[in-house]
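Here's the structure we're looking at; comments come further down.
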Amino acid sequence: MVWRTRFAPAPTGYLHLGHVVNAIHVWGIARAFGGEVLLRIEDHDRTRCRDDYEDALLDDLDWLGFVPDVGRTDSFRASRHGHPHGHPQRQSDNEARYAAALASLGARDVTYVCTCTRRDIARHAPHAPGEEPRYPGTCRDARHAETESLARRVCMDGGMELFDDRRLGPMRQSPADQCGDVLVRDRHGQWTYQFAVVVDDMAHDIDVVIRGEDLLASTGRQLRLAAMLGRERPLHWWHHPLLVHPDGSKLSKANRDTSIRERRAAGVCAAALLGEAAFLSGLLPAARDLSIDELPALFR
Ligand code: GLU
């Protein structure tokens with residue numbers, strides 16, 4: 001049986017070397033072990049996503065040589081925003097999918113209306129800078145009317161989520177302690193990353209999630225949400241190292257020197273960029289030109 005993974009960038013900026021590291025893992029592992037890759041455009045946050053970033057990321061993927069098995073780049077170009085049918089793998093075209101998932105949780109009485117602002121949460125649940133705020137459950141029993149806010153949370157009761165990360169080994173996470181009740185739609189009516197990604201990984205029959213370690217802490221709550229939504233297909237995880245500069249500093253998305261656009265404009269070739277990303281994420285002992293056909297060998 002062919003298993004499926006996904007590459008799921010958010011068009012909130014240009015692709016950078018960190019995305020290339022992720023794509024190398026996604027395509028390399030899929031090609032090495034008989035999986036297929038689905039491309040999903042994660043534009044759930046309409047305030048930050050832009051159509052020209054989507055165009056640029058499709059173009060950069062083509063240039064780098066990453067060809068999805070499901071959701072070819074041309075299929076996204078052919079279904080621009082406003083196209084009557086949209087695209088099954090562009091989040092902003094699939095509102096109804098998230099609304100139905102929320103309704104199914106609502107029917108089980110595990111969701112509630114939340115009227116808290118970020119400032120309210122910071123006041124009730126102080127946390128150190130860089131630390132994740134834990135929602136203290138302020139609105140859980142308040143029974144606010146549906147009209148009071150569009151924001152909805154899903155109850156995270158106590159208990160551990162256990163999973164076996166393919167790289168990091170056995171993991172235990174407690175969503176109730178880490179983040180508390182998960183926000184699934186914000187007060188502007190936008191679906192959150194945590195919710196959209198779970199609903200989509202189910203809708204797209206994803207078997208293995210291959211992504212950076214920065215998202216490791218989200219895995220427990222995503223497993224919990226998936227179980228609440230009735231996911232039966234097992235889901236596997238492979239969290240890969242993040243890209244670090246040779247001086248040890250982490251890559252920032254705002255770091256302009258790493259945008260693929262600019263590197264292309266400066267005349268760098270795709271093989272050099274692939275080699276640089278593979279080196280900076282520890283997959284190669286030194287930077288060298290790397291062709292897309294060599295990726296599976298990095299993981300076998
Ligand atoms: N859209 C997310 C990002 O660009 C990736 C989501 C995921 O892999 O779970 O960081």
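Both counts, for ligands and for their atoms, begin at 1 and track the order of listing.
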message: Assess whether a salt bridge exists between Glu276 and Arg263, defined as any Lys/Arg side-chain N lying under 4.0 Å from an Asp/Glu carboxylate O.
response: yes
- request: Would you mind listing which atoms of ligand 1 come within a distance below 4.0 Å of any non-hydrogen atom of Glu42?
  value: 1 (N), 2 (C), 5 (C), 6 (C)
query: Could Glu294 and Arg288 be called an ion pair, given the rule that one side-chain N must be under 4.0 Å from one carboxylate O?
result: yes
statement: Under 4.0 Å from one or more heavy atoms of Tyr193, ligand 1 contributes atoms 6 (C), 7 (C), 9 (O)
message: I need the contact type for Val209 against ligand 1. Using non-hydrogen atoms and a strict under-4.0 Å cut-off, is it side chain, backbone, both or neither?
response: neither
- prompt: Short N/O distance, under 3.5 Å, between Pro9 and ligand 1?
  reply: no
- line: A student checking ligand 1 against Ala10 at a 4.0 Å heavy-atom cut-off should list atoms 4 (O)
message: Does this structure show an ion pair linking Asp60 with Arg264, if we count only N-O contacts that are shorter than 4.0 Å?
response: yes
- prompt: Taking only heavy atoms of Arg6, which atoms of ligand 1 are found under 4.0 Å from at least one of them?
  reply: 7 (C), 8 (O), 9 (O)
query: What atoms of ligand 1 come within less than 4.0 Å of a heavy atom belonging to Val197?
result: 9 (O)
query: Using the ring of each side chain (for Trp, its six-membered ring), is Phe76 parallel, tilted or perpendicular to His87, with breaks at 30° and 60°?
result: parallel
task: Just say parallel, tilted or perpendicular for the rings of His19 and Phe7, cut-offs at 30° and 60°.
output: perpendicular
query: Hey, is the main chain of Val208 close enough, under 3.5 Å, to the side chain of Thr5 for a donor-acceptor pair?
result: yes
